[in-house]
Structures are given as structure tokens and as C-alpha cells.
Q: 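Got a structure for you, written out below as C-alpha cells; questions coming shortly.
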Amino acid sequence: MTPTVETINLEIPCASDFVGVVRLAVSGIATRMNFSIEEIEDIKIAVSEACTNSVQYAYEDKSQGRVYITCNLYKEKLEIIVEDHGKGFDMSEVEAIKANKEGEPMGDERSSLGLGMTFIKSLMDVADFNSTKGKGTSVRMAKHI
Amino acid sequence: MTPTVETINLEIPCASDFVGVVRLAVSGIATRMNFSIEEIEDIKIAVSEACTNSVQYAYEDKSQGRVYITCNLYKEKLEIIVEDHGKGFDMSEVEAIKANKEGEPMGDERSSLGLGMTFIKSLMDVADFNSTKGKGTSVRMAKHI
Amino acid sequence: MPLDFKITTSETNSVPVISVDGEIDIYTSPRLTESIGSAMANHPKAVVLNLENVHYIDSTGLGAIALSAENLSTQGGRLNVVCTKPQLVKIFEVSGLNQKNVNIYDIEAEAVKNT
Amino acid sequence: MPLDFKITTSETNSVPVISVDGEIDIYTSPRLTESIGSAMANHPKAVVLNLENVHYIDSTGLGAIALSAENLSTQGGRLNVVCTKPQLVKIFEVSGLNQKNVNIYDIEAEAVKNT
Ligand SMILES: Nc1ncnc2c1ncn2[C@@H]1O[C@H](COP(=O)(O)OP(=O)(O)O)[C@@H](O)[C@H]1O
Ligand SMILES: Nc1ncnc2c1ncn2[C@@H]1O[C@H](COP(=O)(O)OP(=O)(O)O)[C@@H](O)[C@H]1O
């Protein structure tokens with residue numbers, strides 16, 4: 001009985017240093033799965049955006065926070081889930097703010113453009129966002145080979 | 001309270017495809033810690049040897065096996081622990097076999113030179129091997145910055 | 001090594017040229033912001049940012065560039081970005097930054113000339 | 001991309017030259033063994049293995065090379081390896097392979113000549 005899916009788990013501290021490490025690991029996985037160079041670049045950006053959001057927004061006390069990355073390798077697709085157990089957010093609230101200030105800097109971070117989730121959606125074939133205030137956020141994304 | 005150690009966890013299936021992914025992730029971590037290029041190469045080989053052994057020898061049923069990699073980042077060193085929950089081995093037995101057939105191919109794998117553990121010991125500052133028959137193997141290694 | 005990152009600042013015809021080597025993400029973008037900030041200290045008309053050796057940028061990097069461009073334009077200057085990699089150009093397009101105060105060029109000399 | 005791997009086989013003065021690009025480890029070494037095996041099918045006096053573009057090798061890769069060298073010497077041939085990267089040369093030395101039936105050269109032409 002060979003499994004139809006192979007799983008790789010990665011868990012990093014809530015620190016900007018390690019987003020690049022996730023990117024490296026994921027690009028290695030995508031290379032092994034024979035994605036094209038362009039697709040690999042797309043996947044790298046998408047997974048980075050999700051990790052960056054968890055690192056930036058999820059935890060009040062970053063020193064205790066962890067970010068969990070799960071890569072599920074199917075025959076025909078790569079699925080990546082990025083999760084945190086942070087403060088979560090109200091998706092409809094964020095959408096409303098974005099609609100109001102299109103292209104304007106938003107949020108606490110002055111240099112943030114509100115592009116993170118947009119990139120994930122536009123670069124991947126599947127992008128599901130799940131966030132519960134007080135519980136955390138989970139982003140499930142997938143790209144077909 | 002900032003932690004004195006940051007931990008990154010990685011978990012791969014027991015398959016040769018993913019040893020390179022571990023190597024990539026670890027080389028990223030070592031780069032972030034400002035190890036020299038030479039030291040990074042040493043660390044990559046050492047961690048690969050440990051993962052390769054777990055992939056090659058630990059599990060009768062590879063499809064169910066997992067290999068666990070823990071990277072502990074200290075101010076002055078990088079510690080890496082590679083573990084499997086496989087069949088384990090008797091270290092003294094292996095040493096005895098090696099002493100007898102120095103430089104000769106050993107074990108089931110005809111192309112194996114018995115160099116894996118030697119490399120880990122010679123390339124890292126710390127190398128602890130722990131194996132219990134029927135329980136699994138754990139290799140703890142460290143390199144000082 | 002994959003995660004190496006380097007910024008070098010030089011000057012061509014009195015225009016500060018900032019060249020980046022590596023990946024621009026949440027970890028490295030503060031250093032980029034800082035370098036552009038230092039270049040702006042002498043109130044130049046423009047800063048040229050050469051991304052020819054950048055093989056990765058994401059929304060954090062774009063955010064840093066957008067903020068720097070805004071600061072520059074506030075003091076009457078402009079940010080000319082040299083960028084040839086299709087993947088990067090694509091990201092600039094998706095972000096819409098190239099339609100605001102960031103100008104994209106293929107060749108550094110052109111970016112310097114148009115300041 | 002970091003984990004890309006490629007083997008190309010050519011011939012110089014009737015000597016098969018196998019050039020490897022990428023990392024030789026537990027995943028890729030079977031392909032190397034296979035390529036050397038195919039090159040040996042015509043019973044050449046020697047096979048040249050060019051590792052100039054190999055930036056990583058570990059005990060698995062060395063094992064594959066040692067086994068191939070043994071097979072070659074059994075049929076009266078030899079394995080000449082082109083290897084310049086200090087890190088790789090160091091690994092060959094630690095393994096002791098260069099003192100057995102694997103000959104290390106700096107330059108491909110030399111490795112081909114000495115067959
Ligand atoms: N993991 C998360 N935890 C908490 N809040 C989040 C998380 N991800 C996104 N958010 C919220 O959603 C907003 C929009 O995110 P995003 O579209 O990625 O834009 P940006 O690029 O500005 O981060 C953020 O400003 C933040 O308030
Ligand atoms: N994780 C492990 N699980 C079970 N057996 C192992 C493990 N690691 C090493 N061994 C045993 O130790 C022997 C020597 O290992 P090593 O020194 O790495 O040589 P080699 O390079 O031939 O693998 C192997 O042949 C195997 O029998």
C-alpha cells in the first residue's frame with residue numbers, strides 16, 4: 001500500500017529570518033515534483049506571503065509564536081497549508097478596508113500594500129483562507145502540475 | 001523574555017527524494033547564522049548522511065516511515081538532531097564489522113562504503129549517536145560558529 | 001549560498017545607484033529601505049535601484065519600494081528601477097506599482113539618464 | 001533551481017565523458033551509476049567523469065563512484081574523475097577513494113589523455 005500523498009512538515013519560529021528557509025524547502029519540493037521554473041517562482045511567492053502574514057500579524061508575543069507549514073504532495077498537485085495559532089482576523093472586515101483604500105498603504109505596517117492575499121489567490125490554483133479571531137489562521141493553497 | 005534558542009522542525013517521509021530538501025533548508029538556516037561557505041558545506045553533508053541512513057536502513061516498510069529533523073539555533077552553535085522510529089542498530093556490532101573490513105563495501109547495499117557516520121564525526125564539532133534496537137535511532141550533531 | 005543578500009551603493013553622474021543581490025523579502029527589505037533612505041539623505045533628484053541580480057521579490061519588498069518611492073516623490077525626486085527578470089516584471093505589474101511613482105527600465109544607463 | 005540534476009554523456013577521442021550538473025546524493029546517485037554503466041557497455045579502456053559542475057557529493061555519491069570504478073577495473077578499465085572544487089576534493093581525500101582505483105584530475109583534457 002503506497003500512500004497517494006506524501007507529507008512534509010515544517011515548523012518555524014515567528015521570525016522574519018526563517019521565511020526564506022521555508023521558501024528554500026518548498027522550492028526544493030516543487031523542483032522534485034517537476035514544476036516549471038515559473039510555477040516554482042509562483043509557489044515560492046505564495047507560500048512566503050502566507051508565512052509573512054503569520055510572522056507579521058498573528059502573534060502579539062512573537063517570541064512564543066510558531067508557524068506550521070504542511071506540504072502534501074499528490075500525483076497531480078502540490079498542496080501547502082500555512083497555519084498559525086495567533087490572534088486571527090475577520091476576513092470581511094479586511095476586505096472592506098481594502099475596497100475602501102485600493103492601492104493605499106493599509107494596516108499598522110506603513111509599507112504594507114495589502115497585496116499578500118491577492119498574490120496568493122492570483123499565483124495559485126486554489127487558495128482558501130480560514131481565520132478565527134482568537135484562534136488563528138490557516139491558508140490552504142494548491143497548484144496543479 | 002527572548003528565547004536563547006530558536007527551533008525549526010522538519011519532518012519528511014522515508015524517501016530518498018527529500019534528503020535534498022532537508023539539505024536546502026539546513027543550508028538556508030546555516031547561511032542565516034553566518035556560517036562560512038565551507039562550514040555550510042560540512043553541515044549539509046553531515047545532515048544528509050544522517051537522513052540518508054534513516055531513509056536507507058531504519059524502516060522495513062518505508063512507506064510508513066518518517067524522519068524527524070530538529071534544528072536548534074543557539075547564539076554560538078547550530079545543533080541538528082536527526083531521528084527515526086525505525087529498527088535501530090547495535091553500534092558496537094557495526095563498529096566491529098567496520099574494523100574488520102576497512103574500506104571494503106559493507107552492509108546490504110553493495111555501494112555503501114561505511115563512511116556515513118565517519119563523515120558526520122569528522123565534519124561536525126559534536127556527534128552523538130543513539131540507537132536502540134526496535135526503537136529507532138537519533139543522531140545529535142552540532143557545529144560552533 | 002541561496003539566502004545570501006548584499007546591497008552595494010555607487011554613483012553614476014551624481015545619481016545614487018543601489019544594486020541588490022539576493023532575495024527581497026520580509027527579512028531583507030528593511031535593509032533595502034535603509035539603503036534607499038541613506039541615498040536620499042543628500043536630496044538627489046532620483047535614486048536608481050538595480051534589481052538585475054534579484055531573483056525573488058514579494059509583497060514585502062514591493063511595499064518597501066513603494067514606501068521609498070513615495071518618500072522620494074514627496075521631496076521632489078523619483079525612483080527608477082532596473083528590472084529585466086520576467087518573473088519580477090510580472091510581480092511589479094500585478095502590484096500596479098509601475099503605474100504609480102516607480103519607473104521600470106531594462107538598462108541601468110537608461111534608468112540613470114532618465115533622472 | 002537548487003535541486004536540478006542533469007547528466008550528459010559525450011565522447012572525446014573515443015573516450016566516454018560523463019558530465020554531471022547538480023548534487024550527487026542518495027536520490028541522484030542511481031542515475032550516475034546507470035550512466036557510467038551505459039558508458040561501460042562498449043568496454044572502453046576508461047570512463048571520464050567530469051564533476052566540475054557538481055557542488056555537492058556525499059558518501060552515497062562516493063559509494064556509487066567507487067562501485068563503478070571497481071566494475072571498470074574488473075573489466076580492465078579505469079575511472080578518471082575531473083574535480084576542482086576544494087570541498088569535493090576534500091571529501092574524496094577523507095574517503096580514501098583517490099588512493100584506490102579512482103584517479104582525480106584538474107582538467108578534463110588531462111583526464112582524457114591519461115586513459
Ligand atoms: N495570519 C494572520 N494573522 C492575523 N491577521 C492577518 C493574517 N494574515 C492577514 N491578516 C490581516 O489581513 C490583512 C491583509 O493581509 P494581506 O492581504 O496579506 O495584506 P499585506 O500584504 O498588507 O499583509 C493584514 O493587514 C492583517 O490585518
Ligand atoms: N538510522 C539507522 N537505522 C538503522 N541502522 C543504521 C542507521 N544508521 C546507521 N545504521 C547502520 O550502521 C551501518 C553503518 O552506517 P554508516 O557508517 O553511515 O555507513 P554507510 O555509509 O555504509 O551507511 C549501516 O550499514 C547500518 O547497518
Side-chain angles (χ1 to χ4, degrees), chain A residues 1-35 40 43-44 47-48 51-52 54-55 59-75 78-85 145, chain B residues 1-35 40 43-44 47-48 51-52 54-55 59-75 78-85 145:
Chain A
M1 224 182 59
T2 33
T4 54
V5 51
E6 295 203 282
T7 299
I8 294 176
N9 301 93
L10 187 54
E11 194 188 313
I12 60 167
C14 176
S16 61
D17 318 38
F18 304 116
V19 176
V21 173
V22 176
R23 212 156 50 227
L24 267 180
V26 168
S27 77
I29 293 168
T31 306
R32 282 278 185 268
M33 292 180 77
N34 288 322
F35 279 104
I40 294 172
I43 295 169
K44 280 167 70 177
V47 75
S48 287
C51 291
T52 297
S54 292
V55 166
Y59 297 100
E60 301 291 347
D61 177 4
K62 288 194 202 297
S63 75
Q64 300 303 314
R66 307 280 293 164
V67 183
Y68 307 84
I69 300 98
T70 307
C71 299
N72 292 319
L73 290 68
Y74 294 86
K75 263 208 183 61
L78 171 59
E79 178 186 69
I80 303 170
I81 299 154
V82 176
E83 275 174 292
D84 62 60
H85 303 158
I145 296 178
Chain B
M1 226 183 57
T2 32
T4 55
V5 51
E6 295 203 282
T7 299
I8 294 176
N9 301 93
L10 186 54
E11 193 189 314
I12 61 166
C14 176
S16 61
D17 318 38
F18 304 116
V19 175
V21 172
V22 176
R23 209 155 55 227
L24 268 179
V26 167
S27 78
I29 293 168
T31 305
R32 283 279 184 267
M33 293 178 78
N34 288 322
F35 278 104
I40 295 172
I43 296 169
K44 280 167 69 177
V47 75
S48 287
C51 290
T52 298
S54 291
V55 166
Y59 297 101
E60 301 292 347
D61 178 4
K62 288 194 201 298
S63 74
Q64 299 303 314
R66 307 280 292 165
V67 183
Y68 307 85
I69 300 97
T70 306
C71 299
N72 291 319
L73 290 68
Y74 295 86
K75 264 208 183 60
L78 171 59
E79 179 186 69
I80 303 170
I81 300 154
V82 176
E83 274 174 294
D84 62 61
H85 302 159
I145 297 178

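Any value given below was found using the heavy atoms of this structure, including those in side chains, with hydrogens, waters and symmetry copies removed. Numbers restart at 1 for each chain; the letters A, B, ... are given by sequence-line order, proteins then strands.
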Q: Between atom CZ of B:Phe18 and atom CZ of A:Arg32, what is the distance when rounded to the nearest 0.5 Å?
A: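 The distance works out to 8.5 Å.
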Q: Can you say whether B:Ile69 sits under 4.5 Å from chain A via the side chain, the backbone, both, or neither, judging by heavy atoms?
A: neither
Q: Calculate, to the nearest 0.5 Å, the distance between atoms CG and CG belonging to B:Leu73 and A:Asp17 respectively.
A: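 The distance works out to 8.5 Å.
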Q: Would you mind telling me which of A:Val22, A:Val26, A:Ile29 has the largest number of heavy-atom pairs within less than 4.5 Å of chain B?
A: A:Ile29
Q: Hey, could you give me the CD1/CZ distance between B:Ile8 and A:Arg66, rounded to the nearest 0.5 Å?
A: 8.0 Å
Q: When rounded to the nearest 0.5 angstrom, what distance separates CD in B:Glu11 from CG in A:Leu10?
A: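 Reported value, rounded in 0.5 Å steps: 10.5 Å.
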Q: Only pairs of heavy atoms separated by less than 4.5 Å count here; which of B:Pro13, B:Ala25, B:Gly28 has the most with chain A?
A: B:Pro13
Q: Given the options B:Leu24, B:Asn9, B:Val21, B:Thr31, which has more heavy-atom pairs under 4.5 Å with chain A than any of the others?
A: B:Asn9
